[in-house]
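Computed from a predicted structure; not experimentally measured.
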Amino acid sequence: MAGRPTAVFEAKPPPSDPYRPDTFCDGWSAAGLTVRLASVRGDAHRHAGVPRQDDGVVTWHRATGTVVFAVADGVSSAVTSHVGSTLACRTAVNDVLAQLDLGRPEPDWTRVLAAAAFQLVMRITGGRQPDDAEEMAAARQAASRDLATTLVAGIARVDGSGGVRGRLVRVGDSSAWTLEDGRFRELFADGEEDDELISTSHVRPLPWYPQPAEPVSFRLPPLGTLLVGTDGFGVPLGGGTGPVGELFRVLREPPARPGVLADLLDFSRETFDDDRTLLALWPRHRLPGGLS
């Protein structure tokens, strides 16, 4: 609970095709990094029997020691946005992995976003390449109507000082934060921007995307935490000074069990009933027992 709770009720089952669990969690450690990932269906969707529209993926590129991840939030007005968020996450991560396999230390982030957007279009066309620009435009409009989703994708690697460095790119209003010294700092600061940038990268979801992509860099100190999440987490977090921020300050250290993050995300607070997805990443030495 974080403030005044919502009413207690039993969730309704979502449609069975495609299968989509109410909640999932994942977590592991590899070569200096520890990750936890969880996604929970919000109370509004539980009450209505609507599938969880958020999704997330995190994986490990062994050859380069890189954690690759993506988090997405299907747009509520798009009728199958839960499918869109899954396609976007998996396509973005697979494209980054393919680029790392080619020996590129820094992925082409515009290509990553283009691949995710194109996959949504291919879903509309049944895997068939549109014949001309007019057909492509119509397919993109249909993908925007049915499959629209936000996306944050990124990479992280251990640096020589015991911290973590990485890059992030986004479409839509999902975001990322660092947690250092008990303070949350958002990495995608809007600042002063022109109308075109606002319409393409911060508000409009996939299949639209900025060209070129504008990734942001982060450097996580040895005692810092990286958080990447959908607005179901970000909106109630706000500036991190309220009850939700207080609840999530426990992520200054990695929880020993992956399921702890799912339990945290399933907090109850009146009026905040959206799906919530959160990836958390730390230097591995902070796990109980150190590097074992």
Side-chain angles (χ1 to χ4, degrees), residues 1-27 36-58 69-90 146-152 170-177 184 186 188 203 205-206 227-240 242-248 250-251 255 258-280:
M1 185 172 67
R4 185 186 297 273
T6 58
V8 177
F9 63 93
E10 180 66 8
K12 296 176 183 176
S16 58
D17 186 19
Y19 169 71
R20 198 167 188 84
D22 178 275
T23 300
F24 81 81
C25 63
D26 193 10
R36 300 287 185 259
L37 172 66
S39 183
V40 302
R41 189 163 55 140
D43 280 353
H45 290 161
R46 286 171 171 165
H47 189 266
V50 173
R52 173 174 45 82
Q53 295 171 335
D54 281 9
D55 210 352
V57 173
V58 60
F69 53 85
V71 165
D73 176 5
V75 175
S76 295
S77 60
V79 293
T80 53
S81 65
H82 56 295
V83 176
S85 64
T86 297
L87 289 172
C89 284
R90 282 151 180 73
D146 294 348
L147 299 164
T149 181
T150 73
L151 178 68
V152 178
R170 77 166 174 176
V171 179
D173 59 1
S174 295
S175 197
W177 304 259
F184 296 88
E186 189 167 5
F188 292 100
V203 176
L206 289 170
L227 302 172
V228 182
T230 60
D231 66 353
F233 167 76
V235 171
L237 176 69
V244 174
E246 185 61 31
L247 178 66
F248 280 86
V250 69
L251 295 181
V260 171
L261 183 57
D263 289 340
L264 281 173
L265 277 178
D266 206 9
F267 65 85
S268 180
R269 188 175 184 197
E270 193 174 53
T271 75
F272 294 106
D273 57 5
D274 198 2
D275 299 341
R276 302 168 189 152
T277 300
L278 188 65
L279 169 83

(request) Starting at OG of Ser174, measure out to CG of Leu278 and round the result to the nearest 0.5 Å. (result) 11.0 Å
(request) For the pair Thr149 (side chain) and Ser81 (backbone), establish whether a donor and an acceptor sit closer than 3.5 Å, ignoring hydrogens and angles. (result) no
(message) Side chains of Phe184 and Leu227, heavy atoms from C-beta outward: is any pair under 4.5 Å?
(response) yes
(request) Please assess Leu261 against Leu251 for the test side-chain contact (heavy atoms from CB on, under 4.5 Å), listing each intermediate value before the final yes or no. (result) CA-CA 9 Å; Leu261 183 57; Leu251 295 181; 4.0 Å; yes
(request) Mind listing the closest non-hydrogen atom pair of Gly245 and Leu237 along with its distance? (result) CA-CD1, 3.7 Å
(request) Kindly give the heavy-atom pair with the smallest separation between Arg41 and Pro13, and that separation in Å. (result) NH1-C, 4.4 Å
(request) Kindly give the heavy-atom pair with the smallest separation between His45 and Gln53, and that separation in Å. (result) CE1-OE1, 3.1 Å
(request) Drop me the distance from Ser85's OG to Leu206's CG, to the nearest 0.5 angstrom. (result) 10.5 Å
(request) State, to 0.1 Å, how close Phe233 and Arg276 come at their nearest heavy-atom pair, and which atoms those are. (result) N-CG, 4.1 Å
(request) Only one of Asp54, Asp231, Asp73, Asp55 passes side-chain hydrogen bond (donor to acceptor under 3.5 Å, both in side chains) with Thr277; say which it is. (result) Asp54
(message) Tell me which one of Asp274, Asp266, Asp275 satisfies salt bridge (Lys or Arg N to Asp or Glu O under 4.0 Å) with Arg46.
(response) Asp266
(request) Over all heavy atoms of both residues, which pair between Phe267 and Pro236 is shortest? Give the atoms and the distance, please. (result) CZ-CG, 3.9 Å
(message) Quick one: does any side-chain atom of Arg20 pair with a main-chain N or O of Pro14 as donor and acceptor, under 3.5 Å?
(response) no
(message) Just so I know, are the side chains of Pro51 and His82 near enough to count as touching, which here means a heavy-atom distance under 4.5 Å?
(response) yes
(request) Check each of Val71, Val58, Leu37 against Val228 using the side-chain contact (heavy atoms from CB on, under 4.5 Å) test, and report the only one that passes. (result) Val71
(message) Can you give me the closest heavy-atom contact between Glu186 and Ser175, atom names plus distance?
(response) OE2-OG, 2.5 Å
(request) Output the distance between atom CZ (Arg170) and atom CG (Leu151), rounded to the nearest 0.5 Å. (result) 11.5 Å
